[in-house]
**Student:** 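Structure in structure tokens, see below.
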Amino acid sequence: MHMNAALHVIPALLLSLPGAMEDKSSQTSGLSKDVQSSLTPEEPPVDFMHIKLEENEPIDVRTKDFILKKAREVCKCNHQTIITFFCQLFPVLDWLPRYNIKTQLLGDIISGLLVGIVAIPQSISYSLLASQDPIYGIYTNFFCSIIYVAMATSRHNSVGSFGVLCLMIGQSVNRHLQLAGYDDNTDSLLVGNATSSGNGTGTCDRSCYAITVALTLSFLVGLYQILLGVLQLGFLSVYLSEPLLSGFVAGSSLTIITSQMKYLLGLNIPRHEGVGSFILTWVDLFRYIPNTNICDLVTSLVALAIIIPVKMINDRYKDKMKAPVPIELLVVIIATVVSYYFKFEERYKSSVCGAIPTGFRKPTLPDTKLFSSLAVDALPIAIIGFAMTVSLAEIFGKKHGYAVRANQEMIAIGMCNLVPSFFYCFASSAALTKTLLKESTGTQTQLSSLVTSLVLLLVLLWIAPLFYSLQTAILGVVTIVNLRGGLRTFCETPRMWQLSKLDTAVWWTTMLASTLITTEIGLLVGVCFALLCIIFRTQRPRAALLGKVSNTEIYEDQSAYKQLSSIANIKIFRFGSSLYYANKDYFKTALYQKTGVNPILLAARHQRAVTQAKADTGNRKSVFNSVFGCLKSSKKHMGKSPADVCLPSLDMHTLILDCGAMQFIDTTGLSVLKETHRDFQELGVQLLLANCNPLLRRRLRDGGWAAGAHGGQLAFHSVHHAVQFAQQWHREQQESKERRDADPDPEDMSVQASL
């Protein structure tokens with residue numbers, strides 16, 4: 001069933017016409033030539049063509065019926081729905097039966113081996129960043145890689161420890177260590193702060209309590225991410241814009257570098273947390289710099305001098321090289337051997353990794369007593385984790401032509417944090433460096449992650465104790481070198497400034513807040529500032545008067561394009577945003593400024609003139625009536641109202657609002673439109689709306705916009721349609737006025753007859 005559209009654009013004066021003629025203006029093929037040619041000051045008016053559309057009747061869907069329908073779809077249980085459910089929850093069941101061993105296996109094996117080799121030093125170094133023992137970083141990368149294989153829709157993501165997340169985890173862990181009374185400079189248990197270990201082995205030392213906090217935090221992070229995925233809230237990642245994430249990563253990279261500098265210098269300085277920790281750490285670095293360990297400093301400089309050039313070569317010739325040089329692992333192996341044979345720990349007091357156990361520990365449960373204190377810390381980690389995972393998955397999915405389900409990715413990364421938390425792991429996400437390496441080395445499926453897990457399994461079972469003599473300075477170097485991608489964004493800010501100043505402001509605000517305050521507060525500040533920028537863009541949008549391109553039906557901004565002709569006595573105003581409570585004042589200000597007409601001021605002047613005219617009319621009555629020759633003039637003057645005498649002279653009879661950019665209008669915006677319509681109508685100027693979308697038309701109709709005015713809403717489908725109507729309407733008004741002026745006044749005829 002259909003109903004008549006809200007658009008009834010024929011006024012009463014046109015209903016008597018025998019028919020509406022079609023538009024005689026045509027669009028020529030030489031459009032660019034016509035635009036550059038000189039335009040006539042005024043084109044002849046054309047006949048208005050009535051356009052009447054019928055709207056589809058909206059479907060009335062009750063909330064209760066909608067919920068019941070969705071519930072039936074979800075609860076429907078049969079053989080096919082069960083298979084579909086498990087295939088969606090575990091995508092490996094879909095792609096593994098179709099796995100082509102001949103074409104895909106070799107690429108997956110090579111990619112998995114290379115990523116595993118890179119993951120070894122990163123796992124150990126990022127453990128240091130998260131304030132954990134090295135073995136727990138290897139646990140994290142091992143378990144999450146296996147789980148992600150079964151549940152991911154991305155073929156290229158490589159999950160594991162990520163520098164930014166490790167920084168946030170380390171900050172939370174250190175804060176809880178201080179609250180529990182553990183000394184930052186010793187691994188011994190302080191008196192009165194003993195707690196039972198998670199696996200029942202007795203009292204818990206500093207390392208045990210640190211991993212207890214980290215695994216409990218990982219459990220909450222995974223729980224948050226799974227809930228977001230189950231509730232289909234994957235769209236929340238869109239609020240973390242690219243400039244915001246880039247600025248956050250850059251700020252976090254500076255904070256990570258600051259935290260690793262003490263390892264490069266071999267300094268033992270107090271750890272600072274909270275607001276201003278970045279500045280306080282650098283102050284302490286310069287304060288304690290005379291205590292620098294020369295052995296650690298020289299080792300760090302040599303490692304940097306080797307790793308950075310080789311990684312630059314890898315980046316520059318990655319298209320020509322079959323595989324990048326695993327320089328981090330080579331440096332780690334060489335540094336470990338040199339430290340062992342030259343006894344850096346005994347001779348120069350260098351800090352080393354120490355004993356790294358092999359094998360796996362018994363599963364444990366999260367500490368429920370820490371839930372209340374870690375609930376807030378887990379939220380930003382969960383958001384950053386799923387944002388990085390989903391964004392990387394979508395980037396490579398688009399590049400290689402396959403679909404990625406954001407909600408399933410959130411569930412997958414949530415399970416990669418929830419399940420491993422029972423096996424002494426901390427929170428993880430997709431890692432940018434390993435993902436880029438995985439994609440560039442020819443991976444085909446997530447089977448390569450299983451190969452990476454096998455490499456880490458070898459380390460867990462046999463190789464890990466060999467890293468006993470590895471200096472922590474080398475781990476700091478590996479961490480800093482892998483932050484080159486985050487620091488490289490500083491070089492992109494000039495280009496970003498040219499493209500969008502607001503996006504650049506978001507980048508700098510997020511970066512500075514993440515660096516100078518804290519990472520969590522910096523993320524919150526960045527999100528709030530980005531939303532404020534969106535509000536600012538809609539609160540003060542571009543407003544312009546439109547002109548017509550000759551011999552076309554195109555209307556564009558007169559301030560942006562040359563040689564556009566104005567329509568005589570018609571002004572077309574475009575507002576580049578939806579009209580709502582935040583920009584209603586700017587809408588009126590821009591409208592009055594662009595049109596040069598302020599109806600409020602003109603109405604005030606008109607009112608003063610009316611008052612003055614009434615006073616003058618009363619004073620002149622006796623003078624005009626005393627002279628016989630002025631009787632006619634007196635009669636005419638007394639017959640006119642003061643308002644007719646004092647109406648201001650305007651250079652337009654019609655104002656057209658181009659509503660093409662208005663996606664919605666709230667009640668405040670509708671009130672402003674009604675007020676504007678009333679104000680201009682009092683000045684004899686009609687207000688027309690053009691390019692209104694169906695939702696806007698329905699809102700105007702329901703709100704009683706221009707009800708009864710000229711017989712309809714006066715909302716047109718195009719600007720040209722509104723211009724045609726305005727020209728036809730003005731022409732009819734002029735003809736009617738000329739006919740009235742041509743007819744003799746009956747009162748004047750009676751006066752002349754009496755004379």
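Everything numeric here is computed off the predicted structure, so don't read it as measured data. The figures that follow rest on heavy atoms only: side chains count, while hydrogens, waters and symmetry mates do not.
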**Student:** Working to the nearest 0.5 angstrom, can you tell me the gap between His720 NE2 and Ile567 CD1?
**Tutor:** 8.5 Å
**Student:** Decide, yes or no, whether a salt bridge links Arg699 with Asp702 under the criterion of side-chain N to carboxylate O below 4.0 Å.
**Tutor:** no
**Student:** What are the two closest heavy atoms between Gln225 and Ala382, and how far apart are they?
**Tutor:** NE2-O, 3.1 Å
**Student:** May I ask you to check whether over 12 heavy atoms, not counting those of Glu675, lie within 6.0 Å of atom CD?
**Tutor:** yes
**Student:** Taking atom types as modelled and ignoring hydrogens, do the side chains of Asn157 and Tyr148 form a donor-acceptor contact shorter than 3.5 angstrom?
**Tutor:** yes
**Student:** Side chains of His176 and Ser373: is there a donor and an acceptor less than 3.5 Å apart?
**Tutor:** yes
**Student:** Rounded to the nearest 0.5 Å, what separates atom OG1 in Thr435 from atom CZ in Phe396?
**Tutor:** 6.5 Å
**Student:** Before you tell me yes or no, could you show the steps for Lys548 and Glu556 under salt bridge (Lys or Arg N to Asp or Glu O under 4.0 Å), namely the whole-Å CA-CA distance, both residues' side-chain angles and the distance that decides it to 0.1 Å?
**Tutor:** CA-CA 7 Å; Lys548 183 181 180 182; Glu556 277 299 342; over 6 Å; no
**Student:** Under the 3.5 angstrom rule, does the side chain of Gln686 hit a backbone N or O of Gln681 as a donor-acceptor pair?
**Tutor:** no
**Student:** Would you indicate whether Arg540, at its atom CZ, is surrounded by more than 12 heavy atoms from other residues, nucleotides or ligands within a distance under 6.0 Å?
**Tutor:** no
**Student:** May I have the step-by-step check of side-chain contact (heavy atoms from CB on, under 4.5 Å) for His400 and Glu439, ending in yes or no?
**Tutor:** CA-CA 10 Å; His400 293 274; Glu439 189 265 344; 3.0 Å; yes
**Student:** Looking at Tyr592 and Ile600, would you say the former's side chain and the latter's main chain have a donor-acceptor pair under 3.5 Å?
**Tutor:** no
**Student:** Check whether any side-chain heavy atom of Ile257 sits under 4.5 Å from a side-chain heavy atom of Leu483, and report yes or no.
**Tutor:** yes
**Student:** Where is the tightest heavy-atom contact between Leu502 and Cys533, given as atom of each residue plus distance?
**Tutor:** CD2-SG, 4.1 Å
**Student:** Around Phe536, counting heavy atoms of other residues, nucleotides and ligands shown, do more than 12 lie under 6.0 Å from its CZ?
**Tutor:** no
**Student:** Do Asp284 and Pro270 make a side-chain contact, defined as non-hydrogen atoms from C-beta onward lying under 4.5 Å apart?
**Tutor:** yes
**Student:** Is there a donor-acceptor pair closer than 3.5 Å between any side-chain N or O of Ser578 and the backbone N or O of Met662?
**Tutor:** no
**Student:** Is atom CZ of Phe664 surrounded by more than 12 heavy atoms (other residues, nucleotides or ligands) closer than 6.0 Å?
**Tutor:** yes
**Student:** Stepwise, does the side-chain contact (heavy atoms from CB on, under 4.5 Å) test hold for Asn417 with Ser428?
**Tutor:** CA-CA 6 Å; Asn417 288 318; Ser428 61; 3.3 Å; yes
**Student:** Checking Ser218 side chain against Ala214 main chain: does a donor-acceptor pair fall under 3.5 Å?
**Tutor:** no
**Student:** Is there side-chain contact between Thr509 and Val525, with heavy atoms separated by less than 4.5 Å?
**Tutor:** yes
**Student:** Say whether, by atom type as modelled, one donor and one acceptor occur between the side chain of Lys571 and the main chain of Leu657 under 3.5 angstrom.
**Tutor:** no
**Student:** Which residue pairs pass the side-chain hydrogen bond (donor to acceptor under 3.5 Å, both in side chains) test with at least one member in residues 244-256, sequence neighbours excluded?
**Tutor:** Ser246-Trp507
**Student:** Kindly compute the distance separating CG (Asp679) from CG (Leu602), expressed to the nearest 0.5 Å.
**Tutor:** 10.5 Å
**Student:** With a 6.0 Å cut-off (strictly less than), is the heavy-atom count around CZ of Phe490, excluding the residue itself, greater than 12?
**Tutor:** yes
**Student:** Just one of Thr668, Thr667, Thr538 clears the side-chain hydrogen bond (donor to acceptor under 3.5 Å, both in side chains) bar with Tyr580, so which one?
**Tutor:** Thr538
**Student:** Check Ile226 against Ile411 and note the closest heavy-atom contact, atom names and distance.
**Tutor:** CG1-O, 4.2 Å
**Student:** Taking the side chain as every heavy atom from C-beta outward, state whether Phe529 and Thr510 have any pair of such atoms under 4.5 Å apart.
**Tutor:** no
**Student:** Let's go through Ser718 and Glu553 carefully: what are the C-alpha distance in whole Å and the side-chain angles of both, what is the deciding distance for side-chain hydrogen bond (donor to acceptor under 3.5 Å, both in side chains) to 0.1 Å, and is it a yes or a no?
**Tutor:** CA-CA 9 Å; Ser718 67; Glu553 299 179 3; 5.8 Å; no
**Student:** Look at the aromatic rings of Phe716 and His721 and report parallel, tilted or perpendicular, splitting at 30° and 60°.
**Tutor:** perpendicular
**Student:** For residues Leu700 and Cys692, report the shortest heavy-atom separation together with the two atoms involved.
**Tutor:** CD1-SG, 4.2 Å
**Student:** Without hydrogens or angle criteria, can the side chains of Ser131 and Asn174 be said to hold a donor-acceptor pair below 3.5 Å?
**Tutor:** yes
**Student:** Counting N and O atoms only, with roles assigned by atom type, does the side chain of Thr504 sit under 3.5 Å from a partner on the main chain of Trp497, one being a donor and the other an acceptor?
**Tutor:** yes
**Student:** Answer yes or no: is there an ion pair linking Asp503 with Arg537, defined by an N-O contact shorter than 4.0 Å?
**Tutor:** yes
**Student:** Consider only side-chain N and O atoms of Gln663 and Asn693, and report whether a donor and an acceptor are under 3.5 Å apart.
**Tutor:** no
**Student:** Supply the atom-to-atom distance Leu418 CG to Ile413 CD1, rounded to the nearest 0.5 angstrom.
**Tutor:** 12.0 Å
**Student:** Can you confirm whether the side chains of Thr389 and Glu409 place a donor and an acceptor under 3.5 Å from each other?
**Tutor:** no
**Student:** Under 3.5 Å, is there a donor-acceptor pair between the side chain of Thr515 and the main chain of Leu512?
**Tutor:** no
**Student:** Does the Ser514 side chain pair with the main chain of Met511, one donor and one acceptor, at a distance under 3.5 Å?
**Tutor:** no
**Student:** Asn407 and Gln232: side-chain donor and acceptor closer than 3.5 Å?
**Tutor:** yes
**Student:** Once the angle between the rings of Phe219 and Phe371 is folded into 0 to 90°, is it parallel (under 30°), tilted (30 to 60°) or perpendicular (over 60°)?
**Tutor:** parallel
**Student:** Any side-chain heavy-atom pair from Arg155 and Lys438 closer than 4.5 angstrom?
**Tutor:** no
**Student:** So do Lys311 and Arg484 actually touch side chain to side chain, heavy atoms under 4.5 Å?
**Tutor:** yes
**Student:** Can you list the steps and then say if Phe162 with Leu165 is a side-chain contact (heavy atoms from CB on, under 4.5 Å)?
**Tutor:** CA-CA 5 Å; Phe162 180 50; Leu165 292 190; 4.0 Å; yes
**Student:** With a 4.5 Å cut-off on side-chain heavy atoms, are Phe680 and Val597 touching?
**Tutor:** yes
**Student:** Determine whether a donor-acceptor pair (N or O, by modelled atom type, separation under 3.5 Å) exists between the side chain of Gln408 and the backbone of Met151.
**Tutor:** yes
**Student:** Show the nearest heavy-atom pair for residues Ile381 and Ala427, with the distance to one decimal.
**Tutor:** CG2-CB, 4.1 Å
**Student:** Is the side chain of Ser566 donor-acceptor paired with the backbone N or O of Gly547 at a distance under 3.5 Å, no angle test?
**Tutor:** no
**Student:** Could you tell me if the side chain of Ser172 sits less than 4.5 Å from the side chain of Leu374, heavy atoms only?
**Tutor:** yes
**Student:** Among Leu516, Val283, Thr518, exactly one meets side chain to side chain contact (heavy atoms under 4.5 Å, CB included) together with Phe278. Which residue is that?
**Tutor:** Leu516
**Student:** Will you find, in the side chains of Lys434 and Asn141, an N or O donor that is under 3.5 Å from an N or O acceptor?
**Tutor:** yes
**Student:** CG of Leu673 to CZ of Arg678: how many Å apart, nearest 0.5 Å?
**Tutor:** 11.5 Å
**Student:** Do you see a donor-acceptor pair shorter than 3.5 Å between the side chains of Trp508 and Thr493?
**Tutor:** no
**Student:** Distance from Thr589 atom OG1 to Asn598 atom CG, nearest 0.5 Å?
**Tutor:** 9.0 Å
**Student:** Taking all non-hydrogen atoms of both residues into account, name the closest pair between Leu696 and Cys659 and its distance.
**Tutor:** CD2-CB, 4.0 Å
